[in-house]
2 protein chains.
Amino acid sequence: MSHACGHDHDHVHTLDSGRIDARLSEARRLCEAQGERMTAPRLRTLELILSENAPVKAYDVIDRFHPDGAAKPPTVYRALAFLEQMGLIHRIESLNAFVACQGHADGKAVQPHAAAFLLCDCCGSSEEVAVSLPEIDQQASASGFETRRVTLEARGLCKACR
Amino acid sequence: MSHACGHDHDHVHTLDSGRIDARLSEARRLCEAQGERMTAPRLRTLELILSENAPVKAYDVIDRFHPDGAAKPPTVYRALAFLEQMGLIHRIESLNAFVACQGHADGKAVQPHAAAFLLCDCCGSSEEVAVSLPEIDQQASASGFETRRVTLEARGLCKACR
DNA sequence: ACTGTTTATGTTATTACATAACAGATACCG
DNA sequence: CGGTATCTGTTATGTAATAACATAAACAGT
Ligand SMILES: [Zn+2]
Ligand SMILES: [Zn+2]
Ligand SMILES: [Zn+2]
Ligand SMILES: [Zn+2]
């Protein structure tokens with residue numbers, strides 16, 4: 001984690017392993033409840049993303065996948081696609097990275113959903129926030145546009161890094 | 001332009017060359033007014049993006065840059081960065097592509113600005129819409145987050161492709 | 001015009017990100 | 001158990017973006 005901003009990034013806290021295990025179990029339940037399989041590579045990919053608790057690059061997952069040596073890219077990209085479909089992770093377009101969905105943090109199952117993100121350019125932290133988008137919905141309606149997915153990402157500085 | 005959607009994409013209209021020339025002249029004026037140079041590679045890059053009138057991949061610009069043979073990537077990526085800074089084009093994160101700013105279409109000079117986009121997954125068309133984002137601004141404030149740039153992209157089907 | 005300084009471009013090479021294609025294994029269902 | 005669908009392993013390739021350094025053009029002051 002390189003930075004030249006004159007302050008530390010201790011405020012980017014990680015999840016303890018108990019909390020991660022809980023999230024993984026819950027993810028397995030959620031998949032099985034929908035007739036989907038939570039396989040080893042999917043679980044491992046989710047584990048690595050949860051461990052970071054911030055947006056992670058696909059190739060970071062690839063590099064850390066095995067204790068010794070990297071995974072093959074398709075293994076991880078397929079797992080990422082699956083986890084995203086299940087609503088367990090989100091892709092951050094402006095970072096080419098993936099982050100665990102915060103909608104599950106409190107133990108509730110959450111269907112795949114659009115989310116907005118506050119992304120710190122200094123410490124790399126991410127906060128998922130729920131927003132409605134009346135204006136763009138209205139603009140879309142006015143244009144006869146049928147919206148399927150919305151990407152909303154705010155880049156800037158978090159409270160601790162300002 | 002490949003598609004298997006059962007309808008044509010004639011509704012994706014291009015700009016005629018007179019209109020493109022006008023936009024290029026205006027871009028030059030806008031740069032010079034700010035003490036920036038509108039050089040040949042920058043102008044050529046903008047021309048290619050205006051010609052498409054829809055989001056264009058960087059490597060499409062690279063391939064078409066010279067009548068015979070491609071440009072080198074840094075040439076085009078540097079031009080793209082410049083044009084984006086000048087507010088003449090926007091980067092579409094979810095497509096890894098660039099589109100001309102529509103704020104200049106009516107002859108007005110427009111400062112660099114955030115914009116939202118309606119992006120058709122079928123015909124590839126793009127519509128730039130102006131929106132304010134009270135909810136995310138509010139969420140950011142509540143979190144002590146200082147927003148610098150916002151990406152807002154709606155993917156779906158345009159009126160003609162629904 | 002001369003000269004130092006800044007800004008932009010040319011060029012080579014490399015790094016980062018993502019998917020196609022197909023073979024093999026595993027789960028699931030009747 | 002056999003057939004089918006789903007998932008994984010593997011190789012190779014395709015696509016997107018930048019690092020690093022050399023060259024050239026513009027600019028400002030003399
Ligand atoms: Zn979420
Ligand atoms: Zn921060
Ligand atoms: Zn614009
Ligand atoms: Zn369309």
Side-chain angles (χ1 to χ4, degrees), chain A residues 2 27-28 31-49 52 55-66 68-86 88-99 121 124 151 153, chain B residues 2 27-28 31-49 52 55-66 68-86 88-99 121 124 151 153:
Chain A
S2 68
R28 157 162 277 133
C31 289
E32 287 169 355
Q34 302 184 35
E36 299 287 345
R37 306 178 211 163
M38 178 51 85
T39 61
R42 292 166 177 177
L43 202 62
R44 175 62 173 152
T45 298
L46 181 56
E47 180 187 13
L48 288 166
I49 293 174
E52 202 68 20
V56 194
K57 301 275 190 179
Y59 270 76
D60 288 340
V61 175
I62 288 167
D63 291 341
R64 298 170 195 164
F65 197 83
H66 296 299
D68 52 339
K72 303 294 169 63
T75 302
V76 169
Y77 277 102
R78 287 192 281 230
L80 291 169
F82 172 82
L83 295 168
E84 191 177 14
Q85 281 186 332
M86 296 301 292
L88 292 165
I89 65 172
H90 295 286
R91 177 181 169 87
I92 307 296
E93 298 285 0
S94 67
L95 296 174
N96 292 340
F98 298 84
V99 69
D121 287 331
T151 298
E153 298 169 11
Chain B
S2 69
R28 157 161 279 134
C31 289
E32 287 168 358
Q34 302 185 35
E36 300 287 345
R37 307 178 211 162
M38 176 52 83
T39 62
R42 291 166 176 178
L43 202 62
R44 175 63 174 154
T45 298
L46 181 56
E47 181 186 13
L48 288 166
I49 293 173
E52 201 69 18
V56 194
K57 301 276 191 177
Y59 271 77
D60 288 341
V61 174
I62 288 167
D63 291 342
R64 299 170 194 163
F65 196 83
H66 296 299
D68 52 340
K72 304 293 170 61
T75 303
V76 169
Y77 277 101
R78 287 193 281 230
L80 291 169
F82 171 82
L83 295 169
E84 191 177 15
Q85 280 186 332
M86 296 299 293
L88 292 165
I89 63 172
H90 296 287
R91 178 181 170 86
I92 307 297
E93 298 286 358
S94 67
L95 296 173
N96 292 341
F98 299 84
V99 69
D121 287 330
T151 297
E153 300 169 10

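In what follows, chains carry the letters A, B, and so on, assigned in the order in which the sequence lines appear, proteins first and then strands, with residues in each chain numbered from 1.
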Between C1' of D/dA16 and CD of A/Glu93, the distance in whole Å: 14 Å

For atom NE2 of A/His66 and atom C1' of D/dT8, their distance in whole Å: 11 Å

Side-chain (A/Thr75) to main-chain (A/Ala71) donor-acceptor, under 3.5 angstrom: no

B/Glu153 side chain vs B/Glu93 backbone, donor-acceptor pair below 3.5 Å: yes

Distance in angstrom units between A/Met38 CE and C/dT26 C1', rounded: 17 Å

Whichever of A/Pro73 and B/Lys72 has its nearest DNA chain C nucleotide further upstream toward 5': B/Lys72

Any donor-acceptor pair under 3.5 Å from B/Arg42 side chain to B/Arg37 backbone: yes

Sugar-phosphate, base or nothing in reach of B/Pro41, heavy atoms under 4.0 Å: sugar-phosphate

Nucleotide C/dT19, atom P - distance to CG of A/Leu80 in whole Å: 10 Å

Below 4.0 Å: OP1/OP2 of C/dG10 and any side-chain N or O of B/Thr75: yes

Phosphate OP1/OP2 of D/dA17 contacted by B/Arg91 side-chain N/O (<4.0 Å): yes

Whole-Å gap separating P (D/dA16) and OH (B/Tyr77): 7 Å

B/Arg44 CZ to B/His66 NE2 distance, which is reported to the nearest 0.5 Å: 9.0 Å

B/Thr39 side-chain N/O to C/dT9 phosphate OP1/OP2 under 4.0 Å: yes

Sugar-phosphate only, base, or nothing, as touched by A/Arg78 at under 4.0 Å among non-hydrogen atoms: base

Presence of B/Lys57 side-chain N/O under 4.0 Å of D/dT15 phosphate oxygens OP1/OP2: no

Rounded distance (Å) that lies between atom P of D/dA5 and atom CD of A/Glu36: 16 Å

A/Arg64/A/Glu47 salt bridge by N-O under 4.0 Å criterion: no

Between C/dA27 (C1') and A/Phe82 (CZ): distance, integer Å: 14 Å

5'-most by nearest nucleotide on DNA chain D - B/Arg37 or B/Asn96: B/Asn96

Spacing between A/Phe65 atom CZ and D/dT10 atom P, to the nearest angstrom: 12 Å

